[in-house]
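First up is the structure itself, then whatever we jot down about it.
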Amino acid sequence: MKKHAIIPIFIPHKGCPNDCVFCNQKKITARQKPVTFDDVDKIIVSYLETLENRGLETIEVAFFGGSFTGIPLDDQIGYLKIAKKYKDMGKIHKIHLSTRPDYIDKEILDNLKHYGVDIIELGVQSFDEEVLRLSNRGHNKEVVYSSSRLIKDYGFTLGIQLMIGLPGDTMEKSIYSAKETVKIKPSIARLYPTIVINDTELYNSYKRGEYTPLTQTEAVNRTKEMYKILTEAGINIIRVGLKSTDIINENGDISGGTFHPAFRQLVEGEIAKEKLCQKLTDLGIVSFAKEKDEVIFLANQKSFSNLSGQGKRNKLFFAEEYPNLIINFKEDSSLFDNEYEVRRK
């Protein structure tokens, strides 16, 4: 049963001085009505009507859509006052926001602490200086380290967001970013493959042939390696891949073939496949073995869909790679999360 829920509130950032190559926030903002304080109140009330009395352990109000601490201070205070009102009433439990690493200082954090903010996510994107420069991020990696330390010193829960496949990025640089993230020790992380959104500088570079987006396979493979590094370090990855929206979907204002609505399952399915292959090897079962053999692939209910893979990709892979192997896929509630087992029948 679901124990955690988020009330998302999207606050477009009108005042961002940076034009990151992958972002069309200003164009999106120009098409949207400003989010008023009354809007925020109504959104929270609307969500609470469906979330209350459902036995949820945690309800968060989360401010997304832009760099929250970069908007005018009066606006920040106005939005936070409303969220804090519901937190003080016990209707919500946490306040969550995202921002840029260079929009963090002691004055900002003092204000966030005063209004009951609990979780701060930093849109880091990359720890590689060339990738940051080519993406026009407007800051270097040292800002990431200093803002992360400050956030943790203040007692906030820290989150790190990384993008895969930005201009100048490579597998090695992506792995480096994952390892630097581990050093910082955030509690949560998000992994986003770069999507070419129309009406961005990245889109213009793509059309000129100066930027080549990752293929879906490349994006899955890079993300998979980063995912393993972060999870092995105990970091909770709360999202993999961008959420489908009116703009970001297979028929939306995007180019290239990186986007997939079930990208997380693609990544976790590949990890499951790797683990299953290794367990078959450990049992002495090799690809295209001539002898008939029968095995059972096991996972708990939560991980069972990854066992067979998105669109049954893993089932098809093992049927082709091990044609003489009879495989039964079964659930086993005794296994831990993301743990898979192979047993001979």
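Throughout, residue positions are numbered sequentially from 1 according to the sequence presented.
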Taking ring pair (Phe, Tyr, Trp, His ring centres under 6.0 Å) as the definition, give me every residue that meets it alongside Tyr176, ordered by chain and number, with sequence neighbours left out.
none
Pair Glu129, Lys141 - check salt bridge (Lys or Arg N to Asp or Glu O under 4.0 Å), show working.
CA-CA 7 Å; Glu129 296 288 10; Lys141 67 178 183 179; 5.2 Å; no
Nearest 0.5 Å please: distance from the CG atom of Leu280 over to the CZ atom of Arg344.
9.0 Å
The single option from Glu52, Glu60, Glu49 that satisfies salt bridge (Lys or Arg N to Asp or Glu O under 4.0 Å) with Lys91 is Glu52
Check for me whether the distance between the ring centres of Phe127 and Tyr145 falls short of 6.0 Å.
yes
Show the atom names and distances, to 0.1 Å, of all donor-acceptor pairs under 3.5 Å that link a side chain in residues 110-123 to residues at least two apart or in another chain.
unit_1, atom_1, unit_2, atom_2, d
Asp110, OD1, Tyr154, OH, 2.9
Lys113, NZ, Tyr154, O, 2.7
Asp118, OD1, Lys87, NZ, 3.1
Asp118, OD2, Lys87, NZ, 2.8
Asp118, OD2, Ile95, N, 2.8
Glu121, OE1, Gln161, NE2, 2.9
Glu121, OE1, Arg190, NE, 2.6
Glu121, OE2, His96, NE2, 2.6
Glu121, OE2, Arg190, NE, 3.1
Glu121, OE2, Arg190, NH2, 2.8

With ring pair (Phe, Tyr, Trp, His ring centres under 6.0 Å) as the criterion, how do Phe297 and Phe329 come out once you've worked through the C-alpha distance, each side chain's angles and the decisive distance to 0.1 Å?
CA-CA 5 Å; Phe297 282 1; Phe329 292 77; 5.3 Å; yes
Is a donor from one side chain sitting under 3.5 angstrom from an acceptor on the other, for Asp39 and Thr36?
yes
For Phe263, all residues meeting ring pair (Phe, Tyr, Trp, His ring centres under 6.0 Å), sequence neighbours excluded:
none
Asp169 and Ser174 side chains, donor-acceptor separation under 3.5 Å:
yes
Lys302 atom NZ, over 12 foreign heavy atoms within 6.0 Å:
no
In terms of heavy-atom contacts, does CD of Glu142 have more than 12 from other residues, nucleotides or ligands at under 6.0 Å?
yes
Just say parallel, tilted or perpendicular for the rings of Tyr79 and Phe37, cut-offs at 30° and 60°.
perpendicular
Return yes if a side-chain donor-acceptor contact under 3.5 Å exists between Ser126 and Asp128, otherwise no.
no
Evaluation steps, side-chain hydrogen bond (donor to acceptor under 3.5 Å, both in side chains), between Tyr322 and Asp293:
CA-CA 10 Å; Tyr322 296 82; Asp293 211 337; over 6 Å; no
